[in-house]
Every structure is written in C-alpha cells, then in structure tokens.
Visitor: 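Before we start, here is the structure in question, set down as structure tokens.
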Amino acid sequence: MKVKGVKAPSHTPKAQVTCEPCPMFRCRRMYSPKSYHGYRTLCYLSLHESSKAVTKIDNPLYFAIFETVILGSCNGVVCLCTTEPDNEIAFWNPLVRKFKKIRLAPAKCIEGLGRGICIKGFGYDHVNDDHKVVRLVQYCSLYNDIVHSTIEVFSSKTDAWREVRDFPYYLCYRRNFNTFAVGALHWLVSLKPEAKFDFRIAAFDLTTEELCLLPQPDFANEMVRLNLCVLGGCLSMVCNYPRKHVDIWVMKSYGVKDSWTKLISTADVKLIKESDFLRPIVYSRSGEEVLLEKNFERLYWYHLENKTVKRLKVPGMPRLFVTETFTGSLVQVNIGSASGSGTKKEKTEDKNDRKRDDFLSKGFRLVL
C-alpha cells in the first residue's frame, strides 16, 4: 500500500493565542453528593503561574446523565462529549465561557452483530475554519472479517453529520486515545485481524478527508504496548516494554520516516513500575523537561539532559484523572454560556434566557 503523508497546515489558525498550553483534567472519580453516576468534574492547572493550584471549572455537560469525556482540544476550543447512548456534544471555550451544545445522531447499529466499535475524535480544519467531530464505526463478524467500517464527520460550521468514506483497517487498542496532530486524526491499526504486533499508523486529514498510512519508528515490536500522542505539536509514539523500559519517539517532520527521533528512553523505576499507561503531555517553558502522565493518577517531570524524574504534586489534584492540554484563545463558538454557579439545570432555554446569556457573555469579553 502506498504511504503518503498529510501536509502540514499552510498557515496558522485565525484564533488569537493568549496563553501557553496547560493541562486540563477530567476527574475519574466523583466527590460531589449532588452528582449522578458517571464522571463530570473538570479541573484546570496553569504550569506557568508562580502559585500552582488545581482549580475546578464549570462543565457545560455537568447535568447530563452519562459520563463526560474530553474528546480533545485545539484552536482554543475544548470538545466535551457524553458517553453513549446520550451522545451530547459541547464545543466549549473555557476562556470566554461560551459553548455550543449539540446532540449527535446515534451510530449505525447492525442487527446480529451487537454494537460494534465506535470511537470519536475531535480536530480543527484550518482551511475551512471548522471544528469537527470524527466518528469511526466498525463491525466485524465472528470470523473477524470487517462487515461495516466507516468514518463519519460532524461539522460545527454546518451542523451537519455525514458519512465520508470506508475505513479498511482493523482498529488496535480500542480504548486508545484519538490523536490530533498537524491537521489529522491518528489511530493505531493493523492490516489483518490476527496480526498481534503488526501495527500501523492510520491518518485522516480533516481538510482533504483523505486516509493514509504513515511511516512508523523502528521499534522492537515484540511484547510492547503502544500509544499515540502529541507533544509540542508533533505526532509522537510511546513504546512501553512492561517492567523493562519506556521509549518515547517524536516525528519532527510530519510524514517523513527518518524524522522519527527517540526523545526519551528510560528504565527509571518511578515510571516503569506498575505502569499500564504513560504518555507525554507538554514541554516545560525552558524546553528542558517533559511532563508525563502515568496510569491516570500521577504526573512527573522528566529532564531530557539529566534523565532524572521528579513527581509533580499540586494542591487540589484529583486522585484519578485524564489529562488534556488547552491553549487559550478568543475564538467564538456563538451559542450558550457556561453557568457560573453550577447549580441550575439548563436542558432547554427560551428566547429571553438566550438574550440574557449573550449579554452577560459580551460583557465578560469587554472586560478582557
């Protein structure tokens, strides 16, 4: 199969960036007695403030019945989603406290084959200035043959949901994160269902809506746990060899195999002991350290030159969490206004409520 890269964006997004990337957390445990089942608490941490502390922030989907998932963050917008069968989406700018809320149509169900696999991702089409939700739906028979496998795209600009193209690969690591980098969403796949260690990187360009395979680093693929992520705007791959060591690769020139560089290779016991999941989050401001998330419960700074590891402890950190980086901007999503009190359920709004929310939001923007 011919391998071709997805071109990097030809220009920067229109949004005005006002801060550096900082972690946002979705708690994996709930502490509020008023909450329903599921995880809904969102927190924010600025790594560049002198007094670091985790702050709870409003969740536009807090009153949904099902769990809140962060699909991703790009161009100043965070995409939140409730788990199926609810499928409520919020395009949310925490900086200006505005959001746009939509309910997606359910994924296609094929009788006799159960629910299949449904993986959602979020990204930004810089050419058309459009935030998009991508849904990959795949059904396989009892003999592991692909029966139905498609990519569907929801556009926030048109509020339209459409089926784009077939997806001819087998998904690996079904609970793996969708990785948005350089204008494309990425998944780990295989060409055959029985290929346990024959991993490939599939890329879906959100502008051209083309699908391709990317070259991967030359790693030892026996007994390895892989994870795709993004670091410093570059696609990266974590190769976790249980109880041995962890390698983190970065693709410095997108689509170029020789540009894969092994950024980190460590056997530090703090990182590899009982490690089921490890991924890089963000560089430090100096560029000398990388923030790593381990097992959804701890953060570590890794010094690239000294190869030392130190744990990051911050007041207010939840015991378990999922991390997403957020870069603030003044991009507008036009509909809705996040509640400041977090105590009022707003399933529906009349015209007077919408006018009041728009007025308050405009006033808030004027203060900025």
Visitor: Between Ile57 and Ile70, is there shared hydrophobic-cluster membership here, with clusters defined by ILVMFWY side-chain heavy atoms closer than 4.5 Å?
Guide: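 In one cluster with Ile57: Ile70, yes.
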Visitor: Between Lys157 and Asn128, is there a donor-acceptor pair closer than 3.5 Å when you use the side chain of the first and the backbone of the second?
Guide: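 Yes, the answer is positive, given that a donor and an acceptor are paired below the 3.5 Å cut-off.
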Visitor: For atom CG of Asp258, decide whether the heavy atoms of other residues, nucleotides or ligands shown that lie under 6.0 angstrom number more than 12.
Guide: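 No.
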Visitor: Does the side chain to side chain contact (heavy atoms under 4.5 Å, CB included) test come out yes or no for Leu263 and Leu304, once each step is laid out?
Guide: CA-CA 8 Å; Leu263 182 70; Leu304 296 174; 4.0 Å; yes
Visitor: Could you measure the distance from the CG atom of Leu278 to the CG atom of Asn295? Nearest 0.5 Å is fine.
Guide: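 Separation between the atoms: 8.0 Å.
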Visitor: For Tyr300 and Lys270, work out which heavy atoms get closest and say how close.
Guide: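 Nearest pair, atom of Tyr300 first, then Lys270: OH-O, 3.8 Å.
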Visitor: When rounded to the nearest 0.5 angstrom, what distance separates OH in Tyr124 from SG in Cys79?
Guide: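 Rounded to the nearest 0.5 Å, the OH-SG separation comes out at 14.5 Å.
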Visitor: Is any side-chain heavy atom of Leu80 less than 4.5 Å from a side-chain heavy atom of Leu42?
Guide: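 Sidechains of Leu42 and Leu80: in contact.
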Visitor: Is it the case that the side chain of Thr82 and the backbone of Phe66 share a donor-acceptor pair, with hydrogens and angles ignored and the cut-off at 3.5 Å?
Guide: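 Pair absent, no side-chain N/O of Thr82 close to backbone of Phe66.
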Visitor: For the residue pair Phe326 and Tyr44, categorise the inter-ring angle as parallel (less than 30°), tilted (30 to 60°) or perpendicular (more than 60°).
Guide: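 The arrangement is perpendicular - the two ring planes meet at more than 60°.
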Visitor: Would you indicate whether the side-chain heavy atoms of Phe167 and Leu211 approach each other to under 4.5 Å?
Guide: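 In contact.
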Visitor: When you check the side-chain N and O atoms of Thr150 and Asp166, is any donor under 3.5 Å from an acceptor?
Guide: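 Note: Thr150 and Asp166 side chains miss the donor-acceptor criterion.
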Visitor: Give, for atom CZ of Arg319 and atom CE of Met317, the distance between the pair rounded to the nearest 0.5 Å.
Guide: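 One gets 12.5 Å once the value is rounded to the nearest 0.5 Å.
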Visitor: Which atom pair, heavy atoms only, marks the closest approach of Pro94 to Gly76?
Guide: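 Where Pro94 meets Gly76 most closely, the heavy atoms are CD-O, 4.4 Å.
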Visitor: Drop me the distance from Leu228's CG to Met237's CE, to the nearest 0.5 angstrom.
Guide: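 The CG atom of Leu228 sits 5.0 Å away from the CE atom of Met237.
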Visitor: Show your reasoning for whether salt bridge (charged side-chain N to carboxylate O under 4.0 Å, His left out) applies to Asp268 and Lys307.
Guide: CA-CA 9 Å; Asp268 192 296; Lys307 303 185 186 304; over 6 Å; no
Visitor: Does Arg162 pair with Glu209 as a salt bridge, N-O distance under 4.0 Å?
Guide: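 Looking at Glu209 together with Arg162, the answer is yes, because their closest N to O distance falls below 4.0 Å.
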Visitor: Okay, side chain of Ser190, backbone of Asp198: is any donor-acceptor separation there less than 3.5 Å?
Guide: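 It does not hold such a pair.
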Visitor: Please report the interatomic distance CG(Leu206) to CZ(Phe180), rounded to the nearest 0.5 Å.
Guide: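 Separation between the atoms: 5.5 Å.
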Visitor: Indicate yes or no for a side-chain donor-acceptor contact from Thr179 to the backbone of Val230 under 3.5 Å, with no hydrogens or angles considered.
Guide: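 Answer holds: no.
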Visitor: Do you reckon Phe91 sits in the same ILVMFWY cluster as Trp161, going by side-chain contacts under 4.5 Å, direct or chained?
Guide: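 Yes.
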Visitor: Take atom CZ in Arg243; do more than 12 heavy atoms of anything else shown fall under 6.0 Å from it?
Guide: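 Incorrect, the count does not exceed 12.
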Visitor: State, to 0.1 Å, how close Ser265 and Tyr302 come at their nearest heavy-atom pair, and which atoms those are.
Guide: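 What the structure gives for the nearest pair is O-OH, 4.2 Å.
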Visitor: Has Ser259 got a side-chain atom pairing as donor or acceptor with Ser253's backbone, closer than 3.5 angstrom?
Guide: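 Looks like yes, one N/O pair under 3.5 Å.
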Visitor: Is the side chain of Asn93 donor-acceptor paired with the backbone N or O of Leu95 at a distance under 3.5 Å, no angle test?
Guide: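 Present.
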Visitor: Is a side-chain donor or acceptor of Asn240 paired with a backbone partner of Val246 at a separation under 3.5 angstrom?
Guide: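 Absent.
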Visitor: Same cluster for Leu191 and Leu136 if Ile/Leu/Val/Met/Phe/Trp/Tyr side chains link at under 4.5 Å?
Guide: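 Yes: a chain of side-chain contacts under 4.5 Å links Leu191 to Leu136.
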Visitor: Does the ring centre of His186 sit less than 6.0 Å away from the ring centre of Tyr254?
Guide: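 Judged by ring-centre distance (under 6.0 Å), Tyr254 and His186 do meet the cut-off.
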Visitor: Are the side chains of Val309 and Leu271 in touch, meaning some heavy atoms are under 4.5 Å apart?
Guide: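 Val309 vs Leu271: side chains touch.
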Visitor: Can you check whether Pro215's main-chain N or O pairs, donor with acceptor, with Trp260's side chain at less than 3.5 Å?
Guide: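 Checking the backbone N and O of Pro215 against the side chain of Trp260, a donor-acceptor pair under 3.5 Å is found.
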Visitor: Between Leu231, Val224, Ile248, which is the residue that forms a side chain to side chain contact (heavy atoms under 4.5 Å, CB included) with Val238?
Guide: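 Among the candidates, only Ile248 passes.
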Visitor: Without swapping roles, check the side chain of Lys100 against the backbone of Ser156 for a donor-acceptor pair under 3.5 Å.
Guide: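 Yes, because the side chain of Lys100 sits within donor-acceptor range (under 3.5 Å) of the backbone of Ser156.
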Visitor: Same hydrophobic cluster for Leu188 and Ile146, using side-chain heavy-atom links shorter than 4.5 Å among ILVMFWY?
Guide: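 No; tracing contacts between hydrophobic side chains, which count when under 4.5 Å, never links both residues.
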Visitor: Any side-chain heavy-atom pair from Glu324 and Ser73 closer than 4.5 angstrom?
Guide: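 Glu324 vs Ser73: side chains touch.
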Visitor: Test side chain to side chain contact (heavy atoms under 4.5 Å, CB included) on His303 and Glu288; report intermediate values, then the result.
Guide: CA-CA 6 Å; His303 198 285; Glu288 296 176 347; 3.8 Å; yes
Visitor: Show your reasoning for whether side chain to side chain contact (heavy atoms under 4.5 Å, CB included) applies to Cys74 and Phe122.
Guide: CA-CA 8 Å; Cys74 55; Phe122 173 69; 3.5 Å; yes
Visitor: Sub-3.5 Å donor-acceptor pair from the side chain of Lys294 to the main-chain atoms of Glu274, do we have one?
Guide: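 No.
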Visitor: Any side-chain heavy-atom pair from Trp92 and Leu61 closer than 4.5 angstrom?
Guide: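 Answer no - side chains too far apart.
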Visitor: Could you tell me whether the side chain of Phe204 reaches within less than 4.5 Å of the side chain of Val134, counting heavy atoms only?
Guide: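 Touching, per the 4.5 Å side-chain cut-off.
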Visitor: Of all heavy-atom pairs between Lys257 and Gln216, which one has the smallest distance, and what is that distance?
Guide: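 Taking Lys257 first and Gln216 second, the nearest heavy atoms are NZ-O, 2.7 Å.
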Visitor: Under the side chain to side chain contact (heavy atoms under 4.5 Å, CB included) criterion, do Val250 and Leu235 qualify, and how do the steps go?
Guide: CA-CA 6 Å; Val250 175; Leu235 182 67; over 6 Å; no
Visitor: Could you grab the distance from atom CG of Leu312 to atom CG of Leu47, nearest 0.5 Å is fine?
Guide: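 CG of Leu47 is found 7.0 Å from CG of Leu312.
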Visitor: Side-chain contact, heavy-atom cut-off 4.5 Å: Leu292 with Leu299?
Guide: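 A side-chain contact under 4.5 Å is absent here.
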Visitor: Quick check, are the ring centers of Tyr169 and Trp187 under 6.0 angstrom apart?
Guide: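 No, they do not, as the ring centres are separated by 6.0 Å or more.
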Visitor: Would you name the heavy atoms of Asp205 and Thr207 that are closest together and state the gap between them?
Guide: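 Result for this residue pair: OD1-N, 2.7 Å.
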Visitor: Are any of the side-chain heavy atoms of Ile119 and Arg135 separated by less than 4.5 Å?
Guide: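 Ile119 does not reach Arg135 side chain to side chain.
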Visitor: For a quick test of reading the model, state the closest non-hydrogen atom pair linking Gln138 to Leu171 and the distance between them.
Guide: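 For Gln138 versus Leu171, the nearest heavy atoms are OE1-N, 3.5 Å.
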Visitor: Among the clusters formed by ILVMFWY side chains lying less than 4.5 Å apart, do Trp301 and Val314 turn up in the same one?
Guide: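 Yes, it is one cluster - the side chains of Trp301 and Val314 are joined through contacts under 4.5 Å.
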